[in-house]
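Step one of this worksheet: look at the structure below.
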Protein chains: 2
Amino acid sequence: MSQRNIAVPDQAADLDPGKMEACTVLEVINRVSGKWAIGILLEATRGPVRFTELERSVEGISRRMLTLTLRNLERDGLLKRTVYPTVPPKVEYEATPMAKELYGSLTGLVGWAERYREAITEARKTYDGHTAC
Amino acid sequence: MSQRNIAVPDQAADLDPGKMEACTVLEVINRVSGKWAIGILLEATRGPVRFTELERSVEGISRRMLTLTLRNLERDGLLKRTVYPTVPPKVEYEATPMAKELYGSLTGLVGWAERYREAITEARKTYDGHTAC
DNA sequence: CGGTATCCTTGACGATACTG
DNA sequence: CAGTATCGTCAAGGATACCG
């Protein structure tokens, strides 16, 4: 394997709040339908959830991505974050009314995905079969 | 700006068909709600569309991403691709019945994004205001 | 017209370690 | 418990050029 030496910038952007100023319809959709947002929003719409509960229920998410996604959703006014100053600390997240209006479309999407997951897997096999060989 | 010399692999993966074997619900959702897929699916559900029409109507998409996204949607059985062997060539894409069942959720998502785009922009300003200073 | 090929940058994300 | 900080990887996707 050959390789090249290239220059890389020192700092990455990540999902750092402070970005995404434009806020087009496309950006809103991507924020809301992003890799982890759907799972979080679904949970937070059913009722208040704690950080650790989300970490368990949103399959495969890392602590870091959970934090980042939660912050972004909070920033966009989709989640309300409530801190209880107890020991140990307790933080609850709940969907705002605006976010709750998304519930129907989101469950529609998930339901569809569940119904057709098998069919899609098959379609891929067929496609790959008659193009590869 | 400082920089480091690092080794990079020669070939990228891109959205190259042949990847994504697992096909979980999460993957299906991300495929279908991805950056460009929604716009394409919406157009292709209303009726057959040509490559160049999509290039114009899906705001901001590059020729490359249009091709890649179309191929992936076709592979997953969401689009039917029809080639008319004329001069000049003509290719039409149309949503399959399975994809058409997504229309409701997709327009729901887009409608919501349009309704709340302003509110979200405001929420961001507020959030950034009371956290930054 | 409807694509491919190649090259490059940047941002999404995981791993790991540490903290009030 | 609920995070933050730092580092590294890799895939998404833009730019550009070329093709049947």
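Sequence lines set the chain letters: A, B, ... in the order given, protein chains first and strands last, and positions in each chain run from 1.
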Is the closest side-chain heavy-atom distance between [X] and [Y] below 4.5 Å?
| X | Y | value |
| --- | --- | --- |
| E94(A) | L79(A) | no |
| E59(A) | L26(B) | no |
| W112(B) | V28(A) | yes |
| R71(B) | Y127(A) | yes |
| E53(B) | E55(B) | no |

Stepwise, does the side chain to side chain contact (heavy atoms under 4.5 Å, CB included) test hold for D128(B) with R75(A)?
CA-CA 8 Å; D128(B) 293 347; R75(A) 184 166 98 108; 2.5 Å; yes
Which whole-number value in Å describes the distance from [X] [atom1] to [N] [atom2]?
| X | N | atom1 | atom2 | value |
| --- | --- | --- | --- | --- |
| L66(B) | dG14(D) | CG | C1' | 14 Å |
| N72(B) | dA12(D) | CG | P | 9 Å |
| L68(A) | dA12(C) | CG | C1' | 10 Å |
| L70(B) | dG3(C) | CG | C1' | 11 Å |
| L26(A) | dG13(D) | CG | P | 10 Å |
| N30(B) | dA11(D) | CG | C1' | 13 Å |
| I40(B) | dG2(C) | CD1 | C1' | 14 Å |

Full working for side chain to side chain contact (heavy atoms under 4.5 Å, CB included) between L66(A) and I40(A):
CA-CA 9 Å; L66(A) 180 54; I40(A) 294 174; 3.7 Å; yes
Heavy atom of residues 81-95 of chain A under 4.0 Å from DNA chain D: which residues?
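Going residue by residue through residues 81-95 of chain A, the ones with a heavy atom under 4.0 Å of DNA chain D turn out to be R81(A), P88(A), P89(A), K90(A), V91(A), Y93(A).
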List in numerical order all residues of residues 45-54 of chain A for which some heavy atom is under 4.0 Å away from an atom belonging to DNA chain D.
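Hits under 4.0 Å, by residue number: R50(A), F51(A), T52(A).
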Main chain of [Y], side chain of [X]: is a donor-acceptor contact present, judged purely on distance under 3.5 Å?
| X | Y | result |
| --- | --- | --- |
| W36(A) | S62(A) | no |
| E101(B) | M98(B) | no |
| T96(A) | G77(A) | yes |

Pull out every protein N or O sitting under 3.5 Å from an N or O of nucleotides 14-17 of chain C, one pair per line with the distance.
| from | atom 1 | to | atom 2 | distance (Å) |
| --- | --- | --- | --- | --- |
| dG14(C) | OP2 | S62(A) | OG | 3.0 |
| dG14(C) | N7 | R64(A) | NE | 3.3 |
| dG14(C) | O6 | R64(A) | NE | 3.3 |

Axis bend over the full length of the helix from dC1(C)-dG20(D) to dG20(C)-dC1(D), computed from five pairs that close each end, to 10 degrees
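About 60° separates the two local helix axes.
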Identify the residue among T107(A), L106(A), L109(A) that makes a side-chain contact (heavy atoms from CB on, under 4.5 Å) with S105(B).
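Among the candidates, only L109(A) passes.
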Who are the side-chain contact (heavy atoms from CB on, under 4.5 Å) partners of R46(A), not counting sequence neighbours?
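Once residues adjacent in sequence are excluded, the partners of R46(A) under the side-chain contact (heavy atoms from CB on, under 4.5 Å) criterion are L42(A), E43(A), Y103(A).
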List in chain and number order the residues that pass ring pair (Phe, Tyr, Trp, His ring centres under 6.0 Å) with F51(B), two or more places apart in sequence or in another chain; answer none if no residue qualifies.
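Ring pair (Phe, Tyr, Trp, His ring centres under 6.0 Å) check on F51(B) returns nothing, list empty.
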